[in-house]
Amino acid sequence: MRIAIVGAGIAGLVTAAGIQADGHEVAVFERRDEPNPVGAGLTLFNNAFAALDLLGLGDSIRQISRDGIVSGAIAAMRPTRNGPKVSWLLSVPSSATATMRSVHRVALHRELMAQLAPGTVRTGSAALVAADGTPQVTASGRTEQFDLVVVADGLRSRNREILGLDTGLRYAGYTAWRGVTEQPVSFAVQPGEIWGRGQVFGMVPLPDARVYWYATRNTAEGQRVDNEYELVREEFSGWHETVQECIAVTAPDAVMRHDIYDLAKPLTSFVRGRTVLLGDAAHAMTPNLGQGAGQGIEDAATLTCLLRDAGGRMLRDASGEALDAALAKYSQLRQKRTSSVLRRSRSAGLMAQAEHPAAVGFRNALTRLMPPQVMSAMTQRLQQWPKPEL
Ligand SMILES: Cc1cc2nc3c(=O)[nH]c(=O)nc-3n(C[C@H](O)[C@H](O)[C@H](O)COP(=O)(O)OP(=O)(O)OC[C@H]3O[C@@H](n4cnc5c(N)ncnc54)[C@H](O)[C@@H]3O)c2cc1C
């Protein structure tokens with residue numbers, strides 16, 4: 001089949017690599033002149049790697065990522081007269097986090113691009129789809145026909161709106177800064193996530209021993225200052241020395257800020273005619289479970305699987321019932337899985353970003369009391385990709 005993919009983010013590129021390897025003819029439309037990943041880190045769990053393995057991409061991504069360093073530990077930060085004190089609330093047993101890996105987004109993007117045949121990605125091509133789901137793409141004033149169109153144009157997907165599938169976005173109530181240190185950091189606390197009042201700081205060592213960090217703060221939507229680096233430094237100035245070291249050894253112009261949004265409500269369908277939604281365009285979620293990209297990778301593997309016949313060969317009949325059935329099944333499976341992760345991610349965000357002293361006290365007590373086995377079971381369940389049965 002001839003398949004168009006709109007958007008060369010992680011979800012679009014993994015899909016392109018998967019279906020191209022199966023023998024389909026693929027064109028990726030990317031509006032930017034250069035596919036331009038955010039210069040930060042990413043954590044990927046076992047579910048993402050199960051999906052990448054199915055697409056034949058697992059080993060190459062393992063080579064550029066690092067395991068055994070994401071602790072799954074959560075601590076609470078509280079100021080005391082003798083300085084900031086970090087007390088451990090929870091440490092997820094390593095059996096549940098052993099398969100988590102960290103990767104630099106730029107390295108991931110480069111690796112995915114390298115998997116594609118030359119000329120697959122058409123940069124500088126903002127693409128719009130047909131409202132009724134007819135498999136066509138209009139870019140640079142030209143409309144091209146395909147057998148299937150995959151929309152992977154991200155959180156603010158214009159094409160989701162065009163298809164009439166949009167439920168709007170919800171501001172989560174907090175903003176996030178991200179950075180990568182220029183050198184390794186001497187960890188005086190275990191890498192993991194530290195919760196304060198309406199603030200979170202997370203640290204993830206990368207394969208080259210630099211540290212990817214993220215910091216959040218409850219605030220009104222759309223606030224910006226000239227020097228975000230200074231702001232994040234001030235916001236976390238009373239925090240643990242390792243937090244301050246992470247910020248200190250990051251280049252000021254490498255700190256990025258994004259307000260956090262998710263879909264106001266899960267979509268009721270990921271498919272219109274012969275056009276399907278995938279990645280953040282289909283299920284943008286808050287980053288609290290570190291599953292946004294992972295879910296996009298699961299989408300890619302699910303769709304690739306369903307575009308195969310019972311013998312595991314690619315579907316060739318672009319007009320028949322088999323394709324309609326595959327798309328309906330894709331929508332059903334992925335809606336079910338991603339709406340549950342979206343909701344859980346939102347709840348995790350509410351908990352981590354608690355600000356009122358009573359809510360913070362309650363949250364810390366509750367987290368401290370949670371048996372590690374329960375947390376472990378929840379983490380492991382999240383990491384199970386429901387691979388489609390053909
Ligand atoms: C602070 C933060 C931390 C996160 N941490 C993690 C994590 O640890 N693990 C994890 O799994 N996820 C994480 N995520 C989520 C993850 O970043 C996203 O889920 C993922 O990057 C989405 O990929 P995507 O390909 O769907 O969309 P995008 O990366 O947004 O890509 C969409 C692409 O489409 C292009 N595009 C847009 N419109 C058009 C058009 N009309 N025509 C052509 N091209 C178009 C864009 O230029 C872009 O290249 C985090 C998110 C945030 C905000």
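Whatever order the structure lists ligands and atoms in, that order sets their numbers, starting from 1.
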Asker: Would you say ligand 1 has an N or O under 3.5 Å from any N or O of Gly290?
Answerer: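 Yes; the residue has a nitrogen or oxygen that sits under 3.5 Å from a nitrogen or oxygen of the ligand.
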
Asker: Could you walk me through whether Arg337 and Asp299 satisfy the salt bridge (charged side-chain N to carboxylate O under 4.0 Å, His left out) test, starting with their C-alpha distance in whole Å, then the side-chain angles of each, then the deciding distance to 0.1 Å, before giving a yes or no?
Answerer: CA-CA 10 Å; Arg337 164 79 164 154; Asp299 294 342; over 6 Å; no

Asker: Quick check: does Gly294 get an N/O under 3.5 Å from an N/O on ligand 1?
Answerer: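 Between Gly294 and ligand 1 (N or O atoms, distance only) the closest approach is under 3.5 Å.
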
Asker: Quick one: does Ala127 get an N or O within less than 3.5 Å of an N or O on ligand 1?
Answerer: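 Among all N and O atoms of Ala127, at least one is under 3.5 Å from an N or O of ligand 1.
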
Asker: Are any of the side-chain nitrogens in Arg160 or Asp166 under 4.0 Å away from the carboxylate oxygens of its partner?
Answerer: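 Yes, Arg160 and Asp166 are salt-bridged.
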
Asker: Tell me the contacting part of Ala139 for ligand 1: side chain, backbone, both, or neither, using a 4.0 Å heavy-atom threshold, strictly below.
Answerer: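 Neither; nothing of Ala139 gets under 4.0 Å from ligand 1.
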
Asker: For Phe29 and ligand 1, answer yes if some heavy atom of the residue is under 4.0 Å from a ligand atom, otherwise no.
Answerer: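 Phe29: in contact with ligand 1 (<4.0 Å).
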
Asker: What atoms in ligand 1 come closer than 4.0 Å to a heavy atom of Gly279?
Answerer: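 Selected atoms, number and element: 26 (O).
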
Asker: Give a yes or no on whether Ile260 and Val341 share a hydrophobic cluster (residues Ile, Leu, Val, Met, Phe, Trp, Tyr; joining criterion: side-chain heavy atoms under 4.5 Å apart).
Answerer: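 Different clusters.
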
Asker: Give the residue and atom name of whichever protein heavy atom lies nearest to atom 9 (N) of ligand 1, and the separation in Å to one decimal.
Answerer: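 Among all protein heavy atoms, the one nearest atom 9 (N) of ligand 1 is Thr43 O, 2.9 Å.
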
Asker: Can an N or O of Leu155 be found at a distance shorter than 3.5 Å from an N or O of ligand 1?
Answerer: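 There is no such contact.
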
Asker: On the six-membered ring of Tyr214, is Arg178 placed so that its NZ or CZ lies under 6.0 angstrom from the centre and within 45° of the ring axis?
Answerer: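 Negative - Arg178 is either too far from the ring of Tyr214 or too far off its axis.
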
Asker: Are any of the heavy atoms in Ala40 under 4.0 Å away from ligand 1?
Answerer: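 In this structure, Ala40 fails to qualify as a contact of ligand 1 - no heavy atom is under 4.0 Å.
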
Asker: Quick one, Thr275 and Phe270 - any side-chain contact, counting heavy atoms below 4.5 Å?
Answerer: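 No; the side chains remain at least 4.5 Å from each other.
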
Asker: For atom 45 (C) of ligand 1, which of the options Arg122, Gln291, Arg31 provides the nearest non-hydrogen atom?
Answerer: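 When every heavy atom of Arg122, Gln291, Arg31 is considered, Arg31 comes closest to atom 45 (C) of ligand 1.
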
Asker: Give the atoms of ligand 1, by number and element, whose distance to some non-hydrogen atom of Gly154 is under 4.0 Å.
Answerer: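 Listed by number with element: 27 (O), 30 (O), 32 (C).
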
Asker: Taking the side chain from Arg257 and the backbone from Gln223, do they hold a donor-acceptor pair closer than 3.5 Å?
Answerer: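 Present.
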
Asker: Of the side chain and backbone of Met100, name the one, both, or neither that has a heavy atom under 4.0 Å from an atom of ligand 1.
Answerer: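 No part of Met100 is near ligand 1 at this cut-off.
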
Asker: I'd like to know if Glu235 and Arg217 make a salt bridge, using a cut-off of under 4.0 Å between side-chain N and carboxylate O.
Answerer: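 Here Glu235 pairs with Arg217 in a salt bridge, since their nearest N and O are under 4.0 Å apart.
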
Asker: Tell me whether Arg178 reaches ligand 1 (any heavy atom closer than 4.0 angstrom to a ligand atom).
Answerer: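 Flag set, Arg178 near ligand 1.
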
Asker: Using non-hydrogen atoms of the residue, decide whether Met285 is closer than 4.0 angstrom to ligand 1.
Answerer: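 False for this residue.
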
Asker: Is it the case that ligand 1 has an N or O less than 3.5 angstrom from some N or O of Ala11?
Answerer: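 The answer is yes, given that Ala11 and ligand 1 share an N or O pair closer than 3.5 Å.
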
Asker: Are side-chain N/O atoms of Thr143 and Thr138 paired as donor and acceptor at under 3.5 Å?
Answerer: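 Checked: Thr143/Thr138 side chains pair up, N/O donor to acceptor below 3.5 Å.
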
Asker: Ignoring hydrogens and geometry beyond distance, is a side-chain donor-acceptor pair present between Ser269 and Gln335 at under 3.5 Å?
Answerer: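 Result is no, nothing qualifies.
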
Asker: What atoms of ligand 1 come within less than 4.0 Å of a heavy atom belonging to Ala152?
Answerer: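 Near Ala152, meaning under 4.0 Å from one of its heavy atoms, ligand 1 has 32 (C), 33 (C), 34 (O).
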
Asker: Considering Arg105, His109, Met256, Arg158 one by one, which has a heavy atom nearer to atom 50 (C) of ligand 1 than any of the others?
Answerer: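 Looking at heavy atoms only, the winner is Arg105.
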
Asker: If you measure every N/O of Ala293 against every N/O of ligand 1, is any gap under 3.5 Å?
Answerer: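 Such a contact does occur with ligand 1.
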
Asker: Salt bridge or not for Lys387 and Glu298, using N-O below 4.0 Å?
Answerer: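 Glu298 and Lys387: not salt-bridged.
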
Asker: Between the side chains of Arg346 and Asp262, is the shortest nitrogen-to-carboxylate-oxygen separation below 4.0 Å, so that they form an ion pair?
Answerer: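 Salt bridge present between Asp262 and Arg346.
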
